[in-house]
Amino acid sequence: MPELPEVETIKRTLELKLAGRTIREVTVLFPGVIGSPSPEQFADGLRNVRVRRLGRRGKFLLVELDAGQTLVIHFRMTGRLIYHPGKAPPAEHTHVVFDLDGDSQLHFMDTRKFGRLWLLPNSALTQHSSLGKLGREPLEEGFTREFLRLELPRRRTRIKPLLLDQTFIAGLGNIYADEALHLAGLHPEKPAQDLSFAEISRLHRAIQRVLQDGIEHHGTTLRDYLDGAGTAGRHQDYLRVHRRTGLPCPVCGTRISRKKVGGRSTHYCPCCQKDSGSGE
DNA sequence: AAGAGACCCTGTTGGC
DNA sequence: TGCCAACAGGGTCTCT
């Protein structure tokens, strides 16, 4: 499920292929994945439009186009955007085909059909229902220890649901939230406002570290994720707790537990991530 | 403000 | 072994 490191990897692998290219034709095979405008207007609006560059905001991929428009893509869980150097017959679950200049194509695929594509004028990006409300980018300057020290004491929710709140931090999903909490030695249900100064510092460092490692390993492929070239990631080989229920904690060897927190399955080491505790 | 639950969707898993 | 219900998951929405 593409989170920040996976979307960043897709962006990097596609940037080389797409920057400067022109979209010649767009075929929508399953209209349900088009958020806005209508599927017809979506296809019309993209015809003969040049791609300037690619960007990313949280888990959104931004395809910046000429004429002040942006193609916004959210992959949700099983979305993929695959570049084909030549014309390729659409594989199962292919919902949108972009014909590019030359004979190459870009295929948007999504088994679960949760992913969405929007074609928006740049002026409308900040009004987009979720893109416009995203919180800080965890790998950029605005995400500081001081930001967390200011915000966490005011939050009455548990730390893991807060990490997943895209209006707070943009780009963390279930995998990297579990990993960051383990690296920081924090119980996922610890109230955000109870974190000590030292715990906040550890969490800040851990969030940046797990995301950077994820990017370095080209993302985590648990089942569906592939980058823009169709290549799987390697970070699944480095996971500490996520989806490792019953396996030994890499730090202390205790069996990893799993429980639902905020409706999401959560993996943690009951020894390294003690529940309440005063937290040093 | 925050949490729970429904919803979208389909491949996989677990129970019988 | 085979069938089917439950589950998984990100984000949005509604309700409490």
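None of the values given here were measured: they were computed from a predicted structure. Throughout, protein chains are lettered first and strands after them, A, B, ... in sequence-line order, and every chain is numbered starting at 1.
- In this view, A:His217 and A:His235, A:Tyr238 satisfy the ring pair (Phe, Tyr, Trp, His ring centres under 6.0 Å) rule, not counting sequence neighbours.
- Residue pairs meeting the salt bridge (charged side-chain N to carboxylate O under 4.0 Å, His left out) criterion with at least one partner in residues 165-175 of chain A, sequence neighbours excluded, are absent.
- Among residue pairs with one or both ends in residues 119-142 of chain A, those qualifying as salt bridge (charged side-chain N to carboxylate O under 4.0 Å, His left out) are A:Arg56-A:Glu137, A:Arg57-A:Glu137; sequence neighbours excluded.
- Using a 4.0 Å cut-off, no side-chain N or O of A:Lys260 falls inside it from OP1 or OP2 of C:dC7.
- Less than 4.0 Å separates DNA chain C from no heavy atom of any residue of residues 7-14 of chain A.
- Every residue two or more places apart in sequence or in another chain that forms a ring pair (Phe, Tyr, Trp, His ring centres under 6.0 Å) with A:His267 is listed here: A:His242.
- Residues passing the ring pair (Phe, Tyr, Trp, His ring centres under 6.0 Å) test with A:Phe147, sequence neighbours excluded: A:Phe168.
- Looking at residues 165-176 of chain A, you'll see that no heavy atom sits under 4.0 Å from any atom of DNA chain B.
- Take A:Lys160 and apply the side-chain hydrogen bond (donor to acceptor under 3.5 Å, both in side chains) test, not counting sequence neighbours, and it matches A:Asn174, A:Asp178, A:Thr266.
- Listed by first and then second residue, the salt bridge (charged side-chain N to carboxylate O under 4.0 Å, His left out) pairs involving residues 110-128 of chain A amount to none (not counting sequence neighbours).
- Partners of A:Phe75 under the ring pair (Phe, Tyr, Trp, His ring centres under 6.0 Å) rule, at least two apart in sequence or in another chain, do not exist in this structure.
- DNA chain C is contacted by A:His74, A:Arg76, A:Met77 of residues 69-79 of chain A, taking any non-hydrogen atom closer than 4.0 Å.
- Pairs of residues two or more places apart, or lying in two chains, never qualify as salt bridge (charged side-chain N to carboxylate O under 4.0 Å, His left out) while including a residue from residues 227-254 of chain A.
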